Amino acid sequence: MSTLSAQLADHASISLIDLAPNYSAVRIDHPTCTATVALHGAHLIAWQPSGADPVLYTSPDAVYRQGKAIRGGIPICWPWFGAHPTDSSLPSHGFARNQFWELAEVAESEDVVSLTFVLPPNEHSHDLFPHQFETRYTLNLGRKLSASLTTINRDDHPFTVGGALHTYFAIGDVHRVHVAGLEGVAYLDCVGERRARTQEGSIHFEGEVDRIYHGAPTTQLHDECLARKILIEPTGSQSTVVWNPWDEKAAALGDMPDDDYHMFVCIETTNALEDVISLAPGESHTLGARISV
Ligand code: TA6
């Protein structure tokens, strides 16, 4: 039995499955929810509270291979969001989503299963982010979901950290959803030439949307088709990204069916652009989201 299987042996509702050879995931079948978390990227790819529809979209064409980010679920963008601030040759959205994490802690109660993953610094990460750090990611999975990503500066100099919980929410039809909570918030519109704008009313989707909002209020995703509202409550976040690639950009993504842009919107709990966090030696920061249906 592997160390990981032994670690899970005492937990009846938690097991280990293979999504691909040498590519394992933790599977949860608990009275409150089912969920799947790949060790690659500590990537939550499915979460379904009992009696509810699946909350997250994951592409049926997602690629389960080391070094390739999974399309859907909650990719962890870390330690930067989007393009690296000074070196565009570095991977977009950082490297945390492209590496295997270690499962460090498992706990279970009547209400929730808690999994904590760690990503220790390694040779690869040192080339991309030359600092000593500790990174922990805890998922509390039950009728509600909480995800928190903690970075601790273990070095002797300060560094900055950005990132996102780049959450793909499953929806009935992109034409019949709207996002509330960002009314009046200034944002950078990243479609075409980047421009500063201010949100008027709630967000409806009639074409590509790729926006970095300078604020992180609680948002609600209203879905007429599924007759549900998803509440997203951020903590330690100073920006919110809302994204849907629409038809042309979706067709250019090799790991998603062309029409699936109808089936998700991303609402991302983020620290981007100037909203990155500066950490002095010994300091820590936690980026988190609570999600409920
Ligand atoms: O969060 C929005 C965004 O930065 C978009 O610009 C879009 O490219 C998306 O993320 C997906 O990025 P990915 O690298 O996962 O294809």
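Residues take their numbers from the sequence shown, with the count starting at 1. In listed order, ligands and their atoms are each counted from 1. These figures come from a predicted structure and were not determined experimentally. Only heavy atoms go into these numbers, but all of them, side chains included; no hydrogens, no water, no symmetry mates.
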So, do His214 and Glu274 sit near enough that their side-chain heavy atoms are less than 4.5 Å apart?
yes
Does the side chain of Ile267 reach to within under 4.5 Å of the side chain of Thr240, using non-hydrogen atoms?
yes
Would you say the side-chain atoms of [X] and [Y] include a donor-acceptor pair closer than 3.5 Å?
X: Asp173; Y: His175; result: yes
X: Thr34; Y: Asp29; result: no
X: His40; Y: Tyr64; result: no

Restricting to heavy atoms, the pick from Lys249, Glu268, His93, Arg97 nearest atom 15 (O) of ligand 1 would be Arg97
Out of Arg211, His166, Arg71, who gets a non-hydrogen atom closest to atom 10 (O) of ligand 1?
His166
Close-contact set for ligand 1 against Asp210 heavy atoms, below 4.0 Å:
2 (C), 5 (C), 6 (O)
Would you mind listing which atoms of ligand 1 come within a distance below 4.0 Å of any non-hydrogen atom of Phe81?
1 (O), 4 (O)
How far is atom 8 (O) of ligand 1 from its nearest protein heavy atom, and which residue and atom is that?
Trp243 CZ2, 4.3 Å
